[in-house]
Amino acid sequence: MSFTLNADQDAIRDAARAFAAEQMAPHAARWDEEQIFPVDTLRQAAALGFAGIYCGEAHGGSGLTRRDAAIVFEELSAACVSTAAYISIHNMVGWMIDSFGSAELKARFLPSMMTMERFASYCLTEPGSGSDAASLRTKAVRDGDHYVLNGTKAFISGGSTSDIYAVMARTGEAGPKGISAILVEKGTPGLSFGKKEKKLGWNSQVTTMVIFEDCRVPVTNRLGEEGQGFTFAMKGLDGGRVNIGACSLGGARACLEAARGHMLQRSQFGRKIAEFQALQFKLADMAIDLDAARLMIHRAADSLDRRDPDATQHCAMAKRFATDAGFRICNDALQLHGGYGYIKDYPVERFLRDVRVNQILEGTNEIMRLIVARRLLAE
């Protein structure tokens, strides 16, 4: 793996950075404050190829690499972590359909997803199964040419606003081998949504429960064969963990830059606070942690691109390190701002709130440690 970007990646980074600066950053605070799902901006991002970054070109995807995606998500999240994270989730569902869907499903769903004419959500977590995802209880019972779904999914980003839901449901035995992945379209009878959750951050995307009550879905909406859904879901999460780690990089980088600017401008005791060695060391440690986290995220993305047998471990390690480091950097940036960091006139408090959940979703960081430990101790 090269430690520098090639010419194509430079161009991808520059395009994402310009879009983030021009179309996202000026509006991010208002999206957060007013809880706006920025549909038009998302579709502008899709026009640049960001709705299916590593989906194939046959149905409108960009056909890029996972490392390219990590570059894009860092840039977008430097403007708005919440919106970039939703784009990541949409990409994850698109990739699952592109990788495991039938030709008919790809042709039916992907073109409109690649333009974000239709939005997508990933439905794994339930009220009673978070980290223990294989214990999910949502059932899909076969009835002729249809499945009848009953159950509830929790904390679903895009719930009620998305048009397509990739649902992990139990079609067989207990445990991971009894889970299948089924696409459910908005408007299907029996599909409904819970209240809009009031959250600490991620306010530019709606989060609700997704509820199935005798919801009939064609069997042809299943990805792959019965019992393969959990495997598909976990493969999707490998990439999702890299993406969400990259989102933490962007938020942390924005906060580091804000802290540096504040230190060079703010004076106390007759001199710029940038002249105090203790604060210089703090800023240096933030930059070192950010650089280390980026290297781990890019290594994990490269592992996915090469289909390295250790890719899952690399993704777990990178996600744990980058999301913890990202939150710590944002928190330190807020501290360096003093009282100003705590008010909404400055963006660091928004970044702090938005990156915090990255330590929980796509598998908690405790689960990331468990994945790594199991691999280390395997005989």
Side-chain angles (χ1 to χ4, degrees), residues 31-32 34-39 42 81-83 85-93 96 109 113 118-141 146-171 174 176 178-217 221-223 229-230 232-234 236-237 240 244 353-354 356-364 367:
W31 295 341
D32 173 67
E34 300 178 17
Q35 300 183 10
I36 294 170
F37 185 62
V39 170
L42 289 168
V81 172
S82 171
T83 305
Y86 178 78
I87 295 173
S88 167
I89 293 165
H90 182 90
N91 270 266
M92 183 164 64
V93 176
M96 289 176 66
F109 287 102
M113 289 178 63
R118 292 201 292 176
F119 298 103
S121 291
Y122 175 90
C123 301
L124 176 64
T125 298
E126 297 184 0
S129 63
S131 294
D132 184 14
S135 68
L136 65 83
R137 300 178 64 182
T138 294
K139 288 187 177 181
V141 178
H146 288 75
Y147 286 113
V148 180
L149 275 68
N150 282 281
T152 301
K153 298 295 181 178
F155 307 125
I156 303 305
S157 293
S160 78
T161 56
S162 286
D163 306 285
I164 301 161
Y165 298 86
V167 181
M168 289 0 106
R170 189 164 302 286
T171 54
I179 296 170
S180 299
I182 301 168
L183 302 178
V184 182
E185 297 179 76
K186 189 175 183 179
T188 302
L191 171 65
S192 62
F193 307 96
K195 65 178 177 62
K196 182 178 177 180
E197 303 289 0
K198 298 177 181 179
K199 300 171 292 184
L200 177 70
W202 275 30
N203 289 318
S204 71
Q205 50 173 291
V206 175
T207 300
T208 71
M209 286 188 174
V210 177
I211 303 163
F212 306 96
E213 297 174 297
D214 293 331
C215 181
R216 293 180 64 86
V217 181
N221 278 25
R222 186 187 66 222
L223 299 180
F230 192 77
F232 299 162
M234 294 302 104
L237 282 178
I244 215 64
R353 289 185 287 107
D354 281 347
R356 179 60 183 88
V357 74
N358 295 354
Q359 296 169 285
I360 298 171
L361 51 82
E362 313 289 40
T364 66
I367 292 296

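Counting begins at 1 with the first residue of the sequence. Here the structure is a predicted model, which is why all the values come from computation and not from measurement.
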| remark: The reported gap from CD1 in I156 to OG1 in T208 (rounded to nearest 0.5 angstrom) is 7.5 Å
| query | Tell me, which pairs form a salt bridge (charged side-chain N to carboxylate O under 4.0 Å, His left out) where one or both residues lie in residues 199-210, sequence neighbours left out? | reply | none
| request: Find the distance between CZ (R222) and CG (L183) and round it off to the nearest 0.5 Å. | output: 11.5 Å
| remark: Heavy atoms of T188 and C215 approach each other most closely as CG2-SG, 3.6 Å
| task | Would you mind reporting whether M168 and Y122 have side-chain heavy atoms less than 4.5 Å apart? | result | yes
| Test item: V210 and V167 side chains (from C-beta on) under 4.5 Å apart, heavy atoms | no
| field | Closest contact, heavy atoms only, G130 versus T125 | value | CA-CG2, 4.2 Å
| field | Nearest non-hydrogen partners of M92 and G236, listed with the distance | value | SD-O, 3.1 Å
| said: Is it the case that the ring center of Y147 lies less than 6.0 angstrom away from the ring center of F212? | reply: no
| said: Rounded at 0.5 Å granularity, tell me how far OG in S82 sits from CG in D354. | reply: 5.0 Å
| Any side-chain heavy atom of H90 sitting closer than 4.5 Å to one from S162? | no
| said: I'd like to check N221 versus V184 (side-chain heavy atoms, cut-off strictly below 4.5 Å). Are they in contact? | reply: no
| task | Return yes if some donor-acceptor pair links the side-chain N/O of R170 with the main-chain N/O of L136 below 3.5 Å, else return no. | result | yes
| Nearest-0.5 Å distance that lies between atom CD1 in I360 and atom CD1 in I367 | 12.5 Å
| query | Parallel, tilted or perpendicular: which fits the ring planes of Y86 and F37, with parallel below 30° and perpendicular above 60°? | reply | perpendicular
| remark: Smallest heavy-atom separation, A120 atom then I89 atom, equals O-CG2, 4.3 Å
| task | Locate the shortest heavy-atom distance separating S88 from G240; write the atom from each residue and the value. | result | OG-O, 4.5 Å
| task | Please check if the side chain of D163 supplies one atom and the backbone of F119 the other of a donor-acceptor pair under 3.5 Å. | result | yes
| said: Measuring from atom CZ of F193 to atom OG1 of T161, what distance do you get when rounded to the nearest 0.5 angstrom? | reply: 8.5 Å
| In Å, rounded to the nearest 0.5 Å, how long is the span from CZ of R356 to CH2 of W202? | 12.5 Å
| message | Test of understanding: with side-chain hydrogen bond (donor to acceptor under 3.5 Å, both in side chains), list the residues that count as partners of K195, not counting sequence neighbours. | response | E197
| said: Quick check on K186: does its NZ atom have over 12 non-hydrogen neighbours (other residues, nucleotides or ligands) under 6.0 Å away? | reply: yes
| message | So does S157 get a backbone contact from the side chain of S121, meaning a donor-acceptor N/O pair under 3.5 Å? | response | yes
| said: I need the minimum non-hydrogen distance between A133 and I179, along with the two atoms involved. | reply: O-CD1, 4.5 Å
| Full working for side chain to side chain contact (heavy atoms under 4.5 Å, CB included) between N203 and R353 | CA-CA 10 Å; N203 289 318; R353 289 185 287 107; 3.7 Å; yes
| message | Assess the residue pair Y165 and K153 against the criterion (side chain to side chain contact (heavy atoms under 4.5 Å, CB included)); give the C-alpha distance rounded to whole Å, side-chain angles, the decisive distance to 0.1 Å, and a yes or no. | response | CA-CA 11 Å; Y165 298 86; K153 298 295 181 178; over 6 Å; no
| said: Using side chain to side chain contact (heavy atoms under 4.5 Å, CB included), reason through M234 and L124 one step at a time and then give a plain yes or no. | reply: CA-CA 10 Å; M234 294 302 104; L124 176 64; 3.9 Å; yes
| said: Within the 4.5 Å heavy-atom criterion, are S192 and E213 side-chain neighbours or not? | reply: yes
